[in-house]
Amino acid sequence: MIIPFEHEWPQTAAEARALQEQLRARLDLNQPLRWDRLRTIAGADISYSCKGTRLYAAVVVLEFPSLKLRSVHTASGPVNFPYLPGYLSFREIPVLLKIFRRLTEDFDVLVCDGHGYAHPRRFGLACHLATLLGKPAVGCAKSRLIGQYQEPAWERGSFQVLYSDQEQIGWVLRTRTGVKPIFVSPGNFITFEDALRLALQASPRYRVPEPIRQAHLQVNQLRLREETQVPHAAIQ
DNA sequence: GCGACAG
DNA sequence: ATCTTGTCGC
């Protein structure tokens with residue numbers, strides 16, 4: 001696919017922060033999802049090498065609503081940005097973009113491993129990626145970055161609002177009865193309500209939404225393959 | 001100053 | 001995220 005919007009990649013947290021504060025003006029969280037035309041969901045995930053110097057990425061495309069795996073796309077690359085809470089997108093998006101540039105297949109919505117709007121500057125990884133791709137995206141994180149909430153009831157489908165002071169920044173959603181909830185927030189080009197509905201519909205069986213779960217399985221297979229083989233120069 | 005802190 | 005063994009429960 002053509003990436004409709006690109007920018008330089010900052011080397012410092014201060015530059016990254018300025019970019020987040022600039023790009024967040026592009027968020028549109030009032031766009032309803034076209035459920036009637038929803039046919040495919042993409043999922044993206046990252047894995048790190050044991051020494052944390054290299055990262056492995058996978059993007060999968062699933063059919064909706066069956067959530068059947070349709071295609072797998074992978075890439076790897078060096079780590080070029082440290083892990084700093086609030087700046088995850090600058091670490092993980094560059095290698096994901098390598099995949100999306102090569103992707104010929106279309107998809108309707110993207111589910112990302114990490115927060116979207118539920119971010120200190122309202123511009124988490126899902127917001128950043130959605131903005132670059134010009135596609136609707138939802139952020140689904142396994143733990144909280146910021147915000148306050150009340151514990152959802154323990155049945156699957158129970159949820160609570162995730163607040164930053166008085167402002168809603170996301171949801172806390174129980175995708176499996178009796179299991180720790182996930183944190184759902186819109187990335188871009190989607191509403192809070194549609195983000196919540198999509199996250200639940202994408203998680204019929206496991207705690208983690210199927211697009212992320214499948215991407216996670218693929219990314220670990222890729223890492224195993226790449227770390228198992230001997231470097232070319234050492235063979236002969 | 002202290003604690004919290006997506007992956 | 002990664003490292004790391006067994007263990008409890010469906």
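Residue numbering restarts at 1 for every chain, and letters A, B, ... go by the order of the sequence lines. In this text the structure is predicted, and so the values were computed from the model without any measurement.
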TODO: Indicate, with yes or no, if the rings of A:Y149 and A:F183 have centres closer together than 6.0 Å.
DONE: yes

TODO: Starting at the 5' end of nucleotides 1-7 of chain B, put B wherever the base has a protein heavy atom under 4.0 Å, S where only the sugar-phosphate does, and a dash everywhere else.
DONE: ---SBBB

Open item on the list: Need one value for A:R176: base, sugar-phosphate or nothing, where a base atom within 4.0 Å counts as base even if backbone is also close, heavy atoms only.
Closed with: nothing

TODO: Evaluate the side-chain hydrogen bond (donor to acceptor under 3.5 Å, both in side chains) criterion for residues A:Y56 and A:Q218: first the C-alpha distance (whole Å), next the side-chain angles of each, then the deciding distance (0.1 Å), finally the verdict.
DONE: CA-CA 10 Å; A:Y56 305 94; A:Q218 295 295 333; over 6 Å; no

Task: Residues A:R174, A:E151: salt bridge by 4.0 Å N-O rule - done: yes

- [ ] Classify the angle between the aromatic ring planes of A:F107 and A:F100 as parallel (below 30°), tilted (30 to 60°) or perpendicular (above 60°).
- [x] tilted

- [ ] Flag the pair A:H128 / A:H119 as yes when their ring centroid distance falls below 6.0 Å, and as no otherwise.
- [x] no

Open item on the list: OP1 or OP2 of C:dT2 versus the side-chain N and O atoms of A:S47: is any pair under 4.0 Å?
Closed with: yes

